[in-house]
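I have placed the structure first, in the form of structure tokens, so that the comments after it can refer back to it.
In this chain, residues are counted from 1 in sequence order.
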Amino acid sequence: MSLFRDGVNWLRDALKASAAHDVIYRRGDATVTIRATVGKSVLKLQDDYGNVRVVYTDKDFIVAAEDLILNGQRILPERGDKITETIGDKTITWGVAAPGNEPEWRWCDPYQVMIRIHTVRLEEV
């Protein structure tokens, strides 16, 4: 392993241990509880006329790629998947999505260890 890859793995473990909380990742009826660190992204969107606008994602979840396993298969996020988190006495559901033609997720590193998942707020209970 390279020194940089060792650092990425260390960062993944450190985030999971100190900056993450449990969330439920759902696709259809399949679910998995994973540790996620939250963030936000600034995206620059360009329309067909060359105009650029800046938008922020509602919330991003940064997760270890190795933890995204549904029905025994490692998956990548897809539009329409859901992430549920509990904060205090509130349960908030987020939908995997991104504005415009932006991808719903991005690799956080060149070794594909962590994934940044863009979401929009769907409901709060």
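Within 6.0 Å of atom CG in D13, more than 12 heavy atoms from other residues, nucleotides or ligands are found, so the atom counts as buried in its surroundings. Dense packing is recorded around CG of N51, with more than 12 heavy atoms of other residues, nucleotides or ligands lying under 6.0 Å away.
In summary, R27 and D81 engage in a salt bridge, as defined by a charged side-chain N under 4.0 Å from a carboxylate O. Taking the charged nitrogens against the carboxylate oxygens, K40 and D58 have no contact shorter than 4.0 Å, which rules out a salt bridge. A salt bridge is defined here as a Lys NZ or Arg NE, NH1 or NH2 lying under 4.0 Å from an Asp or Glu carboxylate O, and K90 with E85 fails to meet this definition.
If you take CZ on R106 and OG on S41, they are separated by 7.0 Å, rounding to the nearest 0.5 Å. Taken to the nearest 0.5 Å, the OG1 atom of T33 stands 5.0 Å off from the CD1 atom of I24. Between atom CZ of residue R35 and atom OG of residue S18 there is a gap of 9.0 Å, rounded to the nearest 0.5 Å. Here the straight-line distance linking atom CD of E104 with atom CZ of R79 works out to 4.0 Å at 0.5 Å rounding.
Listed by chain and residue number, nothing satisfies the side chain to side chain donor-acceptor pair (under 3.5 Å) test with K82 (two or more places apart in sequence, or in another chain).
Nearest heavy atom pair, residue N9 against residue R12, reads OD1-NH1, 3.2 Å. The minimum heavy-atom distance between D67 and K16, with the atom names listed, is OD2-NZ, 2.9 Å. Looking at every heavy atom in both residues, P103 comes nearest to A98 through O-CB, 3.3 Å.
Counting only distance, with no hydrogens or angles, the side chain of D60 and the backbone of R116 share no donor-acceptor pair below 3.5 Å.
Cluster partners of I62, by chain and number: F4, V8, W10, L11, L15, Y111, V113, M114. The rule joins Ile, Leu, Val, Met, Phe, Trp and Tyr whenever side-chain heavy atoms lie under 4.5 Å apart. Other cluster members for L76: V23, Y25, V32, I34, V38, F61, V63, L68, L70, I75, I83, I87, I92, W94, V96, W105, W107, I115, I117, joined by side-chain heavy-atom distances under 4.5 Å among Ile, Leu, Val, Met, Phe, Trp and Tyr.
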